[in-house]
Structure formats: structure tokens, C-alpha cells
**Q** 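Shown below is the structure under consideration.
Every heavy atom of this structure was used, including side-chain atoms; hydrogens, water molecules and symmetry mates were not. Along the sequence shown, residues carry numbers from 1. These numbers were taken from a predicted model, which means no experiment stands behind them.
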Amino acid sequence: MNADLGEGVTTSRLAEDESILALVSSANIACGFHAGDATSMRETVRAASARGISIGGHVSYPDIPGFGRREIGLHSSEISRHVTVQIQALAAVCAGESARLAHVKPHGALYNRAARDPAAARAVARGIQGAGLELVLLGLAGSEMMRAASKAGLPFASEAFVDRGYTEDLLLVPRDQPGAMIDDTDWAVARAITLVKRKTMITREGVERPLDAASLCVHGDNPNALDLLRALRSGLDSAGVRIAPFVS
């Protein structure tokens, strides 16, 4: 189970991140390009490391005003450079806290573009390689990111989203369309358990499609994140599912 964290520097947000860390096994930490700063990176790395949580960089377009969720059409060379810079920044924080940076996950519009655009996916992979570290790329199951990682020789971990709707072609429903967010906690948990146990995803249209994912994500900025994670942990425990980081 993973969550996107370190996206705020207020006391209340840091406290909520601490509560989320008690429920997940991997944390994707904002690197300052869509949210977060030196303080939030340090505090989140410190908290994750203390709990033995796998640490990853949540890399984004340089778009703080749009929270990284606007498609700004960067050239692939720019994407690679921005990804490398963000990884290096978080890696420096991890080194200062005697913690290990283990994976990288794109955020928002960059994630959605790299899921469907081979050139953008290759750019993300090159950006990871440019950091010179042994890192796993965490991305959408069955996406172009998975294919780009394979071609680049990067380890890849596939994920699925507990709180997002899926289209027929197993991409995320755009946030401006109906069904983008899953607000019904019981339904979200039931769908997640179906995914884990049967390796299938139920789409927005109610169709069950094959999907194999190594990790489940809940967005840290989801107002219901804590309640959803608690219900999900309880449901998975009851279903006999063991939770562990996808990077040891």
C-alpha cells in the first residue's frame, strides 16, 4: 500500500501524514515541484524512516500553482532533467537522515501523460537513470511506464488506485469527468479486495478487466484518505492479505 505524502507544511497536514504512515508500507514524497519543500521532505522522510516505510520520490511537472495536475506539454528532454533534479533533491535529504531512497513515482499530469505517451514514459525513465541511483519506477499497471522501464532496464512496480475510477482501457478517468473519484468507502474497499484476490479491476462502466498490481495507492490529499486507509487495511487483513513494501 502506498500514499502520496509530504504535500503540505502545516502542522495539521504533517500530523495527518504521520497517521497515514501508520497504515501504508510505502510513501511517495513530494519533491517541491508540485508541493512540499525542504522542511516537508525532511520531516516526511524522518517519519517514514522511523516506521520502516519504503521511501520514494513523487516527481512532477514544475507546476506549484496547478499542483502538478495541469498538462503543460514539456519536451521530453525537459521532463528528464526535472525528474533527475527532484530525485537528487530528495536523495540528499534521505542521506542527511540516514534513510534510503527506494523508488520514484510521477505525479498528476506527468503520471497520466507517461501512462499513455511512450516518449514521456521514456523521458521519465531517463530522468531516473540520470540520478545515478538504483531505483524502482512505480507506475500504472499495464501502462507505457511499464514498457519504458523494461526497455531501460529499470525495475518496475505496478500500482492500482483505490480512490480513482478506471476507463475501459484501464487508464484513470480524468478528474474533470464523472466517476473520476471513488467516494464510497465500502465500494472502494470491495473493489480493491477484488483486485488483489482476482487480479481484476472493475471499470467505471462496471466491466471487470484483468489487471495485476503490486501496490495499492490512496491519495494523501484525499479528504477521506485516513478513513479509506483504515477500512482498506481492515478489509485486506480480514481477506488474509499481507501488506509489505514492494521494495525491501
**Q** How close do His58 and Glu7 get, heavy atom to heavy atom, and via which atoms?
**A** CD2-OE2, 3.7 Å
**Q** How long is the span from the CG atom in Asp37 to the SG atom in Cys31, to the nearest 0.5 Å?
**A**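 It is 12.0 Å, given to the nearest 0.5 Å.
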**Q** So, Arg116 and Asp169, do they make that salt bridge, N to O below 4.0 Å?
**A**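 No, Arg116 and Asp169 are not salt-bridged.
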**Q** Using every non-hydrogen atom in the two residues, find where Ala239 and Lys197 come nearest and quote the distance to one decimal.
**A** O-NZ, 3.1 Å
**Q** Say you draw a straight line from CG of Asn224 to CG of Leu229; how long is it, rounded to the nearest 0.5 Å?
**A** 10.5 Å
**Q** Salt bridge or not between Arg113 and Glu71? Use side-chain N to carboxylate O under 4.0 Å.
**A**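 Yes, Arg113 and Glu71 are salt-bridged.
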**Q** Testing the basics here: between Asp212 and Ala141, what is the closest heavy-atom pair and its distance to 0.1 Å?
**A**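 Of all heavy-atom pairs spanning Asp212 and Ala141, the closest is O-CB, 3.5 Å.
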**Q** Compare every heavy atom of Leu135 with every heavy atom of Leu101, then report the nearest pair and how far apart it is.
**A** O-CD2, 3.2 Å
**Q** Taking the side chain as everything from C-beta on, heavy atoms only, tell me whether Pro106 gets closer than 4.5 Å to Asn112.
**A**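 Counting from C-beta outward, Pro106 and Asn112 never come under 4.5 Å.
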**Q** When you compare the side chain of Leu228 with that of Asp163, does any pair of heavy atoms fall below 4.5 Å?
**A** yes
**Q** Check whether any side-chain heavy atom of Ile20 lies under 4.5 Å from a side-chain heavy atom of Leu5, and answer yes or no.
**A** yes
**Q** So, are Glu159 and Lys105 salt-bridged, with charged N and O less than 4.0 Å apart?
**A**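 So Glu159 pairs with Lys105 through a salt bridge.
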**Q** On a heavy-atom basis, which atom in Val173 and which in Pro178 lie closest, and how many Å separate them?
**A**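 Between these two residues, the closest heavy atoms are CG1-O, 3.7 Å.
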**Q** Determine, step by step, whether Ile64 and Phe33 satisfy the side-chain contact (heavy atoms from CB on, under 4.5 Å) criterion, reporting the C-alpha distance in whole Å, the side-chain angles of both residues, the deciding distance to 0.1 Å, and the verdict.
**A** CA-CA 6 Å; Ile64 290 176; Phe33 275 39; 6.0 Å; no
**Q** Please find the pair of heavy atoms, one from Leu195 and one from Leu216, that lie closest to each other, and give the distance.
**A**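 What the structure gives for the nearest pair is CD2-CD2, 3.4 Å.
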**Q** Determine, step by step, whether Thr200 and Glu208 satisfy the side chain to side chain donor-acceptor pair (under 3.5 Å) criterion, reporting the C-alpha distance in whole Å, the side-chain angles of both residues, the deciding distance to 0.1 Å, and the verdict.
**A** CA-CA 6 Å; Thr200 60; Glu208 197 168 342; 2.6 Å; yes
**Q** If you define the side chain from C-beta out and look only at heavy atoms, does anything of Cys94 sit under 4.5 Å from Met41?
**A** no
**Q** Do Met1 and Val136 belong together in a cluster built from hydrophobic side chains that touch within less than 4.5 Å?
**A**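 No: no chain of side-chain contacts under 4.5 Å links Met1 to Val136.
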**Q** Is there a path of hydrophobic side-chain contacts, each under 4.5 Å between heavy atoms of I, L, V, M, F, W or Y residues, that connects Met145 with Val247?
**A**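 In one cluster: no.
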**Q** Name all pairs fulfilling the side chain to side chain donor-acceptor pair (under 3.5 Å) condition that reach into residues 82-92, sequence neighbours left out, sorted by first residue then second.
**A** none
**Q** Using side-chain heavy atoms (C-beta onward) and a distance below 4.5 Å, is Phe161 in contact with Leu140?
**A** yes
**Q** Please enumerate all residues that pass side chain to side chain contact (heavy atoms under 4.5 Å, CB included) together with Arg69, with sequence neighbours excluded.
**A** Phe67, His107, Arg175, His219, Asp221
